[in-house]
Amino acid sequence: MSNLTLFDTPETLTSGRYRNLLPRDGEVLFFPNYFSKSDSDRLYKDLMDKILWQQDQIRFFGKMIDLPRKTAWYGDNDKPYTYSGIPMQPHTWTPDLVEIKSQIETIAKVDFSSVLLNLYRDGKDSVSWHSDNEKELGINPVIGSVSFGATRTFKLRHLIDKSLVIKIELTHGSFVLMSGKTQHCWEHEIPKTSQKLLPRINLTFRVIK
């Protein structure tokens, strides 16, 4: 297993001195301190208080069970989205979400149309292995993932070579950019942990086709 990190200052973003964390079949760039501490603190509080969080359910062996996290979907009004069989109609962009979106678009070089927010309330909340490869995202989707709050471990695993695993510690204010074949050749998860953790908010920005 590889445990890789990258440069920790926004100044490196325009210098070309950053590298792909994946050895093949995709591209993942990691920026640990993309947002300043003060901006991260402010945005975390605003998102926690103002986002319309909901508790989604999925069918598991014939029973409806709660997802181990809360979620919210925001974006352009004409861009509905379905994940894990859950239809999502977006809420209108908030000023905080537009601020975050605008900052990461300078690196992503795409115009994100939607964002899925996940609230991990403690270490028991998680998301299991999956890829963001829904048909609405098209071929080789660009995914911008921003984290605020408690540090959580993010794992990527190659779909063919299951022994190939990349681990990243997603810190307060960090930004991960996934592109190329990543969603077709890799899967990712946020595993449960027995550690006592404060909440974490994750935002995954997408382009709905």
Side-chain angles (χ1 to χ4, degrees), residues 4-6 10 13 18-32 34-35 43 47 51 56 67 69 71-76 79-84 86 88 90-91 93 96-120 126-149 152-159 164-191 200-209:
L4 302 175
T5 57
L6 201 59
L13 303 183
Y18 49 88
R19 58 190 174 89
N20 182 11
L21 298 188
L22 299 184
R24 65 176 188 267
D25 298 332
E27 183 175 73
V28 172
L29 305 179
F30 178 43
F31 310 105
Y34 188 80
F35 293 86
L43 290 166
L47 295 172
I51 289 298
D56 291 320
L67 285 180
R69 59 194 179 278
T71 62
W73 184 255
Y74 283 74
D76 298 347
K79 301 296 183 182
Y81 181 65
T82 299
Y83 82 102
S84 298
I86 303 170
M88 307 285 282
H91 300 293
W93 292 106
D96 291 321
L97 294 176
V98 171
E99 176 186 347
I100 298 167
K101 174 174 119 77
S102 298
Q103 289 201 42
I104 67 172
E105 283 176 345
T106 62
I107 303 303
K109 306 301 183 186
V110 298
D111 183 9
F112 291 115
S113 60
S114 303
V115 60
L116 175 65
L117 296 96
N118 287 283
L119 171 58
Y120 299 84
S126 63
V127 62
S128 58
W129 289 110
H130 70 285
S131 300
D132 295 326
N133 58 1
E134 292 81 3
K135 64 180 182 180
E136 296 97 330
L137 302 180
I139 303 299
N140 295 338
V142 177
I143 307 290
S145 176
V146 176
S147 297
F148 299 114
R152 291 295 295 264
T153 299
F154 178 70
K155 292 182 178 180
L156 295 121
R157 182 172 67 182
H158 197 273
L159 288 171
L164 187 53
V165 178
I166 305 297
K167 183 174 72 171
I168 308 171
E169 296 301 317
L170 298 182
T171 51
H172 188 42
S174 63
F175 170 39
V176 174
L177 182 63
M178 297 180 283
S179 60
K181 297 191 294 181
T182 302
Q183 303 305 323
H184 305 302
C185 298
W186 294 77
E187 56 187 352
H188 51 273
E189 72 161 356
I190 299 288
R200 165 185 178 258
I201 295 172
N202 177 250
L203 308 90
T204 49
F205 290 83
R206 302 128 189 271
V207 179
I208 306 298
K209 302 296 185 181

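Numbers for residues simply follow the sequence, beginning at 1. Remember, it's a predicted structure, so these values are computed and weren't measured experimentally.
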With a 4.5 Å limit on heavy-atom distance, are the side chains of V115 and L97 in contact?
yes
Euclidean distance, I143 CD1 relative to D132 CG, rounded to 0.5 Å:
4.5 Å
Check whether any side-chain heavy atom of N118 sits under 4.5 Å from a side-chain heavy atom of I201, and report yes or no.
no
So do the side chains of L43 and F35 get within less than 4.5 Å of each other, counting heavy atoms only?
yes
For T153 against P191, the heavy-atom pair lying closest together
O-CD, 3.3 Å
Side chains of S131 and Q183: do they bring a donor and an acceptor to under 3.5 Å?
no
Considering all heavy atoms of both residues, which atom of G75 and which atom of P90 are nearest to each other, and what is their separation?
N-CB, 3.6 Å
Can you see which heavy atom on S126 is nearest to which on I190, and at what distance?
CB-O, 3.1 Å
Look only at the side chain of S102 and the backbone of E99, and say whether a donor-acceptor pair between them is shorter than 3.5 Å.
no
Any luck finding a side-chain donor-acceptor pair between T204 and R206 under 3.5 Å?
yes
Going by heavy atoms in the side chains, are I51 and L119 under 4.5 Å from each other?
no
Beyond-backbone contact of V142 with F112, side-chain heavy atoms, under 4.5 angstrom:
yes
Examine distances only and state if a side-chain atom of N202 and a backbone atom of V146 form a donor-acceptor pair shorter than 3.5 Å.
yes
Spacing of L156 atom CG and H188 atom NE2 [to the nearest 0.5 Å]
7.0 Å
Tell me, do F31 and I107 make a side-chain contact under 4.5 Å, heavy atoms counted?
yes
Donor-acceptor contact present, side-chain T182 to main-chain M178, <3.5 Å
no
Separation of K181 NZ from L22 CG (nearest 0.5 Å)
11.0 Å
Side-chain (D25) to main-chain (C185) donor-acceptor, under 3.5 angstrom:
no
Please give me the minimum heavy-atom distance between Q103 and T106, naming the atom from each residue.
O-OG1, 2.8 Å
Given side chains that start at C-beta, do those of F30 and F154 come closer than 4.5 Å, heavy atoms only?
no
Taking side chain as C-beta onward, heavy atoms only, is K155 less than 4.5 Å from I166?
no
Could you state the interatomic distance from CG (D96) to CZ (F148), rounded to the nearest 0.5 Å?
9.0 Å
Can you confirm if the NZ or CZ of R157 lies within 45° of the ring axis of W129 and under 6.0 Å from the centre of its six-membered ring?
yes
Under the criterion side chain to side chain contact (heavy atoms under 4.5 Å, CB included), I'd like the reasoning laid out for L21 against I168: C-alpha separation, chi angles, the key distance, then a yes or no.
CA-CA 9 Å; L21 298 188; I168 308 171; 3.6 Å; yes
Measuring from L117:CG to H91:NE2, what's the distance to the nearest 0.5 Å?
10.0 Å
Between S147 and R200: side-chain donor-acceptor atoms closer than 3.5 Å:
yes
Go through E189 and S128 one step at a time and tell me if the side chain to side chain donor-acceptor pair (under 3.5 Å) criterion holds.
CA-CA 5 Å; E189 72 161 356; S128 58; over 6 Å; no
Does S145 use its side chain to pair, donor to acceptor, with the backbone of V176 at less than 3.5 Å?
no
Does the distance from a Lys or Arg side-chain N to an Asp or Glu carboxylate O, for K101 and E105, drop under 4.0 Å?
yes
Parallel under 30°, tilted from 30 to 60°, perpendicular over 60°: which one fits the rings of H158 and W186?
perpendicular
Work out which heavy atom in S114 is nearest to a heavy atom in W73; give both atom names and the distance.
CB-CZ2, 3.2 Å
Would you check if the side chain of H184 reaches a backbone N or O of N140 as a donor-acceptor pair within less than 3.5 Å?
yes
Reported CG-to-CG distance for the pair L47 and L203, which is rounded to 0.5 angstrom:
5.5 Å
